[in-house]
Amino acid sequence: ATTHPLWPQIDKLTMEQLGYAQQGVEGGVWQLFAEEGEMKMYRRELEEGGLVVDPLKAVHQVRGATAHEMAHHFWSPDVRFEWDTSIEQMTVLDRISEDTLVFLQLHKRVWPTAQRDALFWSHIRKIPPSDPANADAHDTWIVCNQSTDHPDAPKDEKVVRVELTVCFVCQTFLDPPPAEGEAPTRDNLLTKITYCSVVNPGGWAPASVLRAVYKREYPKFLKRFTQYVVDKCAAQPINF
Ligand SMILES: O=S(=O)(CCO)c1ccc(-c2ccc(C3CCCC3)c([C@@H]3C[C@@H]3c3ccccn3)c2)cc1
């Protein structure tokens, strides 16, 4: 409901993150650190208070699923364990509205660092095509995850809470377009994805360990997630 006290922050951050995701990776500020097929992963080396908080930006494109299908499965708590191998526990603490949930997630421990958890609101939204000019681009879908506080979140002394801002932006193109008068099939679907994240580990963790974990885990994470959605939706009617 747009009357919730968090709504103004949710609305503002979501649109800011959309703009941030749509900025290109030119200009030399972004360093390409992983490339697999259509997926390119960039990072900026950034430390805050001696902690590695390297912003990450990944661009990817996949055939066979829509932006809506990708965004929905990224947002939905029901399928989180099917693709996210980084989490041990996950609870939905609150339903702010039908498109905004508050998650509490316990992440698997990354030796030798202390175990982490993440408490964040997660908002999904469809951005209609701004002008009919980009007719080949269907709508854009965005999921924005932002750390927040919540009274019901249990505090476990042994677990360190990370701070995170994540956005997952998807846009579907009909490429190749279906034949004249034909309905699109999944062979016509090309979805471009931009994934941005800034994770502050919340407590000390060796820079070398974190950068190694990022380098290993993020490419695996995005590849596994997108393949999961393509496989899951393959036999289903297209959900634009
Ligand atoms: O896109 S999401 O919103 C999807 C919902 O789950 C999301 C993604 C990643 C994280 C995350 C949380 C903690 C940590 C670290 C910090 C110190 C020790 C653990 C990491 C590190 C970067 C590495 C990582 C990246 C991807 C997958 C697993 N591991 C990532 C949280 C949320």
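We count ligands from 1, going down the list as the structure has it; atoms in each ligand are counted the same way. Each residue takes its place number in the sequence, starting with 1.
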**Request:** Establish whether atom 24 (C) of ligand 1 and some protein heavy atom are separated by less than 4.0 angstrom.
**Result:** yes
**Asked** Can you find a protein heavy atom closer to atom 8 (C) of ligand 1 than 4.0 Å?
**Response** yes
Among all the protein's non-hydrogen atoms, which is closest to [atom], and how far away is it?
| atom | answer |
| --- | --- |
| atom 10 (C) of ligand 1 | His107 CE1, 3.8 Å |
| atom 14 (C) of ligand 1 | Val199 CG1, 4.4 Å |
| atom 30 (C) of ligand 1 | Tyr218 OH, 4.0 Å |
| atom 29 (N) of ligand 1 | Glu217 CB, 3.7 Å |
| atom 1 (O) of ligand 1 | Tyr195 OH, 2.7 Å |
| atom 22 (C) of ligand 1 | Tyr214 CE1, 3.2 Å |

**Residue pair Thr172, Thr66: steps toward the side-chain hydrogen bond (donor to acceptor under 3.5 Å, both in side chains) verdict** = CA-CA 6 Å; Thr172 301; Thr66 65; 4.9 Å; no
**Message:** If you take the nearest heavy atom of each of Leu210, Val162, Thr165, Val110, which one is closest to atom 17 (C) of ligand 1?
**Reply:** Leu210
**Prompt:** Quick one: which of Asn145, Val52, Asp84 has a heavy atom closest to atom 3 (O) of ligand 1?
**Reply:**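 The nearest heavy atom belongs to Asn145.
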Which atoms from ligand 1 have a heavy atom of [X] less than 4.0 Å away?
| X | result |
| --- | --- |
| Arg80 | 5 (C) |
| Val213 | 23 (C) |
| Ser86 | 27 (C), 28 (C) |
| Leu164 | 31 (C), 32 (C) |

**Message:** Checking Trp75 against Ile142 for the side chain to side chain contact (heavy atoms under 4.5 Å, CB included) test, could you report, in this order, the C-alpha distance in whole Å, the side-chain angles of both residues, the deciding distance, and whether it holds?
**Reply:** CA-CA 9 Å; Trp75 176 82; Ile142 180 170; over 6 Å; no
Heavy atom of [X] under 4.0 Å from ligand 1?
| X | result |
| --- | --- |
| Phe168 | no |
| Arg109 | no |
| Thr85 | no |
| Phe103 | no |

**Asked** Is there a nitrogen or oxygen of Thr113 sitting under 3.5 Å from a nitrogen or oxygen of ligand 1?
**Response**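 Min N/O separation from ligand 1 is not below 3.5 Å for Thr113.
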**Message:** If I apply the N/O under 3.5 Å rule, does Gln105 come out as touching ligand 1?
**Reply:**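 N/O-N/O distance under 3.5 Å: yes.
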**Request:** Quick one: list whatever passes salt bridge (charged side-chain N to carboxylate O under 4.0 Å, His left out) with Glu36, sequence neighbours left out.
**Result:**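 Salt bridge (charged side-chain N to carboxylate O under 4.0 Å, His left out) list for Glu36, sorted by chain: Lys223.
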**Prompt:** Among all residues two or more places apart in sequence or in another chain, which pass the salt bridge (charged side-chain N to carboxylate O under 4.0 Å, His left out) test with Glu180?
**Reply:** none
Charged N to carboxylate O below 4.0 Å: is that the case for [X] and [Y]?
| X | Y | answer |
| --- | --- | --- |
| Glu35 | Lys40 | yes |
| Glu45 | Arg43 | yes |
| Arg224 | Glu217 | no |
| Asp54 | Arg211 | yes |

**Message:** Could you check whether Phe33 and Tyr42 have their ring centres less than 6.0 Å apart?
**Reply:** no
**Prompt:** Glu82 and Tyr228: side-chain donor and acceptor closer than 3.5 Å?
**Reply:** yes
**Asked** Between the side chains of Gln146 and Gln9, does any donor sit under 3.5 Å from an acceptor?
**Response**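 Note: Gln146 and Gln9 side chains miss the donor-acceptor criterion.
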**Request:** Give the contacting part of Lys220 toward ligand 1: side chain, backbone, both or neither, where contact means a heavy-atom distance below 4.0 Å.
**Result:**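 No part of Lys220 comes within reach of ligand 1.
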**Prompt:** Is a side-chain donor or acceptor of Glu69 paired with a backbone partner of Asn239 at a separation under 3.5 angstrom?
**Reply:**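 Yes, the answer is positive, given that a donor and an acceptor are paired below the 3.5 Å cut-off.
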**Message:** Quick check: do Phe240 and Trp141 have side-chain heavy atoms less than 4.5 Å from each other?
**Reply:**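 Phe240 vs Trp141: side chains apart.
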